[in-house]
Protein chains: 2
Amino acid sequence: MKKQVKKKTSAKIPVGIVHVAKKAGVSPATVSRVLNDNPTVDPKIREIVKAAIAELNYRPHFAARNLPKGQTGNLALVTARSSPVIFANPFFSKVFEGIGSVLDESPFNLMLSLTPSQMRRLMDSRTVDGIILIAVRENDPYLEEVEEMELPSVVIGAYRRISQMTVFCPDYEGGVASAVKFLAGIGHRRIGLLDGPPDSYKSGEDRRGFEEAIRQLDLEEVGSLTAEEFLERDGFLAFCSHFSEGKPLPTAYVVSSDHLAIGLLKATGDFGIKVPEDLSIVGFGDIPIAEHLQPPLTSIHGDLVEMGAEAARTLIQMVEGRKKIIKRVVYPMQVVERGTTAPPKA
Amino acid sequence: MKKQVKKKTSAKIPVGIVHVAKKAGVSPATVSRVLNDNPTVDPKIREIVKAAIAELNYRPHFAARNLPKGQTGNLALVTARSSPVIFANPFFSKVFEGIGSVLDESPFNLMLSLTPSQMRRLMDSRTVDGIILIAVRENDPYLEEVEEMELPSVVIGAYRRISQMTVFCPDYEGGVASAVKFLAGIGHRRIGLLDGPPDSYKSGEDRRGFEEAIRQLDLEEVGSLTAEEFLERDGFLAFCSHFSEGKPLPTAYVVSSDHLAIGLLKATGDFGIKVPEDLSIVGFGDIPIAEHLQPPLTSIHGDLVEMGAEAARTLIQMVEGRKKIIKRVVYPMQVVERGTTAPPKA
DNA sequence: TTGTATGCGTTATCAA
DNA sequence: TTGATAACGCATACAA
């Protein structure tokens with residue numbers, strides 16, 4: 001009764017599991033079983049099927065495969081920061097490296113979302129099994145949604161200390177504190193902080209580490225500067241406006257990003273302030289350019305490839321194990337001494 | 001005869017198109033139609049359905065939706081370069097910005113592949129409808145596969161001049177040539193090139209532009225340097241080994257990346273060579289740091305956000321229109337004069 | 001204009 | 001150990 005008029009188009013016919021089954025003389029179910037390494041299949045049959053697969057150059061359809069499973073096989077890397085802030089920052093390239101290496105070993109694909117609207121789409125349309133949030137800020141509009149969501153997620157980078165989220169984070173607090181201690185160790189008593197924007201959780205951590213160290217060492221409080229963003233021009237601007245108002249200078253600055261430090265360096269140069277003679281500077285992140293600057297920038301370094309990798313691993317555990325893992329992992333940072341730091345003049 | 005024993009688990013029940021249909025008192029087909037803005041649906045019914053959708057907070061399943069269409073709704077951004085080379089390079093952040101903005105307006109999601117194996121997976125498993133190749137190199141193993149593939153694809157960045165691929169590319173050749181002309185214009189006769197690795201198509205373009213300009217202007221041929229990669233340390237090393245061999249120096253260098261130029265700058269500083277008094281330097285790419293260097297780096301600038309955007313747009317046209325578009329679009333670059341260039345000494 | 005039925009490519013449940 | 005057959009969530013040709 002069925003009228004099956006198959007239009008045999010000359011176009012490339014996508015080979016599916018049924019073709020393989022036919023060719024191997026078995027049922028689609030059996031093909032599916034060898035595809036999934038199901039042990040309940042006769043070794044001989046298995047070989048026959050594998051041969052058919054190879055001969056037809058058959059490749060399983062990823063999405064179709066996951067449909068019955070109620071999964072997608074995709075993970076998302078999500079941020080709402082503009083690309084200059086995130087991609088131009090070598091910090092993240094390390095993180096990506098770690099994530100990439102883990103995903104390479106896993107069966108998961110990676111989706112990328114550069115804007116809140118893209119991200120919402122990913123979440124809403126059940127396109128991903130889990131989410132890696134990166135470069136989160138306090139007022140990011142989607143934050144609550146994600147936390148309340150059932151979708152497994154981890155955040156990389158600073159986040160609020162108390163939450164139900166799993167976070168992997170450089171030790172901003174400890175890193176800045178050790179920079180202060182380093183500077184104090186070579187004689188500085190008046191140390192300032194050039195910090196990033198207040199809505200960045202990182203800024204909060206920086207400040208916490210800074211103030212705690214100042215207190216512990218019983219150093220003078222000289223106030224601190226705040227940049228609008230973490231980029232060069234923001235460091236430049238922050239110092240310029242501070243200096244042009246005739247405010248007093250510390251003998252050293254701890255700066256919360258190398259990019260910021262480069263801007264500050266430029267500003268001091270323009271004003272004829274000598275680094276490190278008149279002013280010492282410690283950056284944060286130790287970007288590749290740091291050591292090639294003139295003078296080379298003293299900075300706070302951490303190996304963050306593992307951080308990205310561990311975040312990815314944990315997320316995968318969460319989605320595969322269908323269990324929630326809540327923890328906060330902090331990665332150590334340490335001062336790399338170079339040419340922008342020296343004992344204060346007098 | 002059907003034995004339907006629905007296990008009513010207490011877990012969250014994913015709401016599907018059938019639930020909406022039931023709630024609205026229509027068939028699933030009709031719901032599907034309003035989802036796809038099919039005009040052949042009664043306005044009143046449309047409202048009812050929309051209300052049901054809202055009430056149930058229904059979200060269409062992305063993959064399931066595309067399965068019948070024979071599509072995936074995903075595009076891939078692919079590279080085999082290591083993350084430091086690609087992500088740490090502000091050049092790419094511009095490109096990403098363009099791509100992101102276009103995808104935001106489109107219904108497509110973006111997948112990211114950082115390694116050849118991930119990429120192969122994406123292609124094989126029919127997970128994406130199109131591919132954006134970026135930072136391609138001559139011996140990249142997957143290149144032939146992609147070109148022979150039926151999957152729509154575009155490449156961003158230099159590629160071989162003759163091919164069936166659609167490519168969007170900065171005008172490396174013209175940019176370098178204009179830098180040579182600029183230097184000649186302020187009096188330089190002995191101009192050198194510090195180029196990137198030979199397997200980069202960009203290097204070929206640079207060289208082409210350089211040599212052509214030298215010939216046109218009838219300038220002296222002083223040979224050129226080759227760096228192993230486009231990063232700071234490679235520029236540093238290239239100059240060091242050249243200089244320590246006591247070879248003669250030109251009065252100016254055109255350098256094929258700002259990162260390379262920063263390394264070179266560092267090396268000259270270490271050797272006591274004054275820039276721009278003893279040696280002029282022109283970088284390429286005009287990264288944000290360039291103008292904050294001391295002295296600020298003269299560089300070759302181009303606005304490449306549009307390049308990324310146009311590449312994405314074209315790819316989308318290809319997959320939506322199921323047609324092949326072959327073209328080669330080149331984006332203009334121009335010299336931004338800053339502090340590392342000056343007339344030669346004598 | 002709407003509903004029915006079928007198919008998309010695979011997994012999974014149940015018999016055999 | 002294997003094979004029908006029913007999902008998975010949706011789109012669409014065809015019928016009504």
Side-chain angles (χ1 to χ4, degrees), chain A residues 1-7 9 11 13-22 24-49 53 56 58-73 107 124-127 129, chain B residues 1-7 9 11-22 24-49 52-53 56 58-73 107 124-127 129:
Chain A
M1 206 55 79
K2 290 179 184 174
K3 201 170 56 175
Q4 289 282 94
V5 183
K6 278 194 181 163
K7 281 269 170 54
T9 60
I13 28 92
V15 30
I17 205 172
V18 289
H19 303 104
V20 177
K22 197 169 299 174
V26 299
S27 76
T30 299
V31 178
S32 174
R33 289 193 185 96
V34 338
L35 249 36
N36 294 299
D37 286 318
N38 189 323
T40 77
V41 49
D42 188 292
K44 295 170 187 171
I45 303 251
R46 178 186 304 278
E47 290 316 309
I48 297 177
V49 172
I53 288 177
L56 294 177
Y58 162 74
R59 304 276 179 246
H61 189 291
F62 193 78
R65 200 168 184 181
N66 282 291
L67 228 203
K69 291 185 191 167
Q71 295 196 143
T72 67
D124 283 349
S125 60
R126 290 170 279 179
T127 303
D129 298 331
Chain B
M1 205 55 79
K2 292 179 183 174
K3 202 170 57 179
Q4 290 281 91
V5 184
K6 278 194 182 162
K7 281 268 169 54
T9 60
K12 170 203 42 132
I13 27 93
V15 28
I17 206 173
V18 289
H19 303 106
V20 178
K22 198 169 300 175
V26 299
S27 76
T30 300
V31 177
S32 174
R33 290 192 185 97
V34 338
L35 249 37
N36 295 298
D37 286 318
N38 188 322
T40 77
V41 49
D42 188 293
K44 294 170 188 172
I45 303 251
R46 177 186 304 278
E47 288 317 308
I48 296 178
V49 172
I53 288 176
L56 294 178
Y58 164 73
R59 305 275 179 249
H61 189 290
F62 193 79
R65 200 168 184 182
N66 283 290
L67 229 201
K69 291 185 194 166
Q71 297 195 145
T72 67
D124 284 348
S125 61
R126 290 170 279 179
T127 303
D129 298 331

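Lettering follows sequence order; numbering is per chain, from 1.
- Under the 4.5 Å side-chain criterion, counting only non-hydrogen atoms from C-beta, B:Leu35 is in contact with B:Ile53.
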Are A:Lys22 and A:Leu56 close enough, and set up right, to give a side-chain contact (heavy atoms from CB on, under 4.5 Å), and what steps lead you there? CA-CA 11 Å; A:Lys22 197 169 299 174; A:Leu56 294 177; over 6 Å; no

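- More than 12 heavy atoms of other residues, nucleotides or ligands shown are found within 6.0 angstrom of NZ on A:Lys69.
- Atom CZ of B:Phe62 and atom P of D:dA11 are 11 Å apart (whole Å).
- For B:Arg126, taking side-chain heavy atoms from C-beta onward, the closest of the listed nucleotides D:dG9, C:dT10, D:dT2 is C:dT10.
- Here the P atom of nucleotide D:dC8 and the CZ atom of B:Arg59 are 21 Å apart, to the nearest Å.
- Taking 4.0 angstrom as the limit, A:Arg65 places none of its side-chain polar atoms (N or O) nearer than this to OP1 or OP2 of C:dA12.
- When each of D:dC10, C:dC8, D:dC8 is scored by its nearest atom to the side-chain atoms of A:Pro68, the top-ranked nucleotide is D:dC8.
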Would A:Asp37 and A:Arg46 satisfy side-chain contact (heavy atoms from CB on, under 4.5 Å), going step by step from the backbone distance to the final call? CA-CA 9 Å; A:Asp37 286 318; A:Arg46 178 186 304 278; 4.2 Å; yes

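- Atom pair A:Lys44:NZ and D:dT2:P shows a separation of 11 Å (rounding to whole Å applied).
- A:Val18 comes within contact range of no nucleotide atom at all, as no heavy-atom separation falls under 4.0 Å.
- B:Lys22 places its NZ atom 13 Å from the P atom of D:dG9, with the value rounded to the nearest Å.
- Listed by chain and number, the residues in a side-chain hydrogen bond (donor to acceptor under 3.5 Å, both in side chains) with B:Asp124 amount to none (sequence neighbours excluded).
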Would you please test B:Leu67 and A:Leu67 for side-chain contact (heavy atoms from CB on, under 4.5 Å) and show each step? CA-CA 9 Å; B:Leu67 229 201; A:Leu67 228 203; 3.8 Å; yes

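- Across the protein-nucleic acid pair, B:Asn66 atom CG and D:dC8 atom C1' stand 15 Å apart, rounded to whole Å.
- For residues 28-41 of chain A, proximity to DNA chain D is found at A:Ala29, A:Thr30, A:Arg33, A:Thr40, A:Val41, defined as any non-hydrogen atom under 4.0 angstrom from a strand atom.
- Note: CD1 (A:Ile48) to P (D:dT1) measures 15 Å, nearest angstrom.
- With no hydrogens or angles considered, a side-chain donor-acceptor pair links B:Thr72 and B:Asp129 at under 3.5 Å.
- In this structure, CD1 of A:Ile45 is placed 8 Å from C1' of D:dT2, rounded to the nearest angstrom.
- Looking at the side chain of A:Ser27, the nearest of the listed nucleotides D:dG3, C:dG9, D:dC10 is D:dG3.
- Counting to the nearest Å, the P atom of D:dA6 and the CG atom of A:Leu67 are 18 Å from each other.
- Contacts of B:Tyr58 with the nucleic acid, taken as non-hydrogen atoms under 4.0 Å apart, involve only primed sugar atoms and P, OP1 or OP2.
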